[in-house]
Amino acid sequence: MNSYERIYAVVRSIPRGTVATYGQVARLAGNPRWARVVGYALHVNPDPDGIPCYRVVDRNGCTSSAFAFGGSDIQKALLEADGIPFLPDGRVDLAACQWNPNQEIL
DNA sequence: TGGATGACCTCCG
DNA sequence: ACGGAGGCCATCC
């Protein structure tokens, strides 16, 4: 599906050191209501090496406990490796590292 | 083809 | 602030 292609393209475009939310990715993909589809697309994640799904978090900055591609700890490590700070709550500091698409357009 | 599900988001009580 | 239900789109069986 072209839908997945777009979603993957957006996720792949997420700069290192920043994170994006499902809704945001969906919006950038072209459809604000693809939030669930984005999650599904990442679930099937055909290229985990090129598609850093760990950079995609929910609206609160935390990932789903259902299937964190190996574990929430792994994700935390990967994000920290990218230079993404974490909050005491155990969530990603969206206020500090949330991806700003406008910066890419600039 | 139809029904059910999902790594979500938002509103209402 | 917390819990529950609905909506939305695409994919899977």
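Per chain, numbering begins at 1; letters A, B, ... match sequence-line order. No hydrogens, no waters, no symmetry mates; every other heavy atom, side chains included, goes into these values.
What separates NZ of K76(A) from C1' of dA7(B) is a distance of 19 Å, to the nearest Å. Across the protein-nucleic acid pair, N31(A) atom CG and dC9(B) atom P stand 15 Å apart, rounded to whole Å. Rounded to an integer number of Å, the gap from CZ of R33(A) to P of dC8(C) is 8 Å. The CD1-P distance, from I7(A) to dC8(C), rounds to 18 Å in whole Å. If you measure from atom CG of N2(A) to atom C1' of dC9(C), you get 15 Å, rounded to the nearest angstrom. One can place CZ of R27(A) at 17 Å from P of dC8(B), the figure rounded to the nearest angstrom. What separates OH of Y4(A) from P of dT11(C) is a distance of 5 Å, to the nearest Å.
Comparing T21(A) and V37(A), the nucleotide of DNA chain B nearest to each residue sits closer to the 5' end for V37(A).
Smallest separation of non-hydrogen atoms from A29(A) and W34(A): CB-CE3, 3.9 Å.
Atoms CD and CD, on Q75(A) and E80(A) in that order, are 10.5 Å from each other to the nearest 0.5 Å.
Annotation: side chain of C62(A) is not in contact with side chain of V92(A) (no heavy-atom distance under 4.5 Å). Inter-residue side-chain proximity for I14(A) and V56(A) is flagged as met; some heavy-atom pair is nearer than 4.5 Å. Two residues are said to be in side-chain contact when any heavy atoms from C-beta on lie closer than 4.5 Å; L94(A) and V57(A) meet this criterion.
Residue R36(A) has its side chain nearest to dG7(C) when only dG7(C), dC9(B), dC9(C) are considered.
If you check residues 38-60 of chain A against DNA chain C, the residues with a heavy atom closer than 4.0 Å are Y40(A), listed by number.
Using the six-membered ring where Trp is involved, Y4(A) and Y8(A) have ring planes that are perpendicular, over 60° apart on the 30 and 60° scheme.
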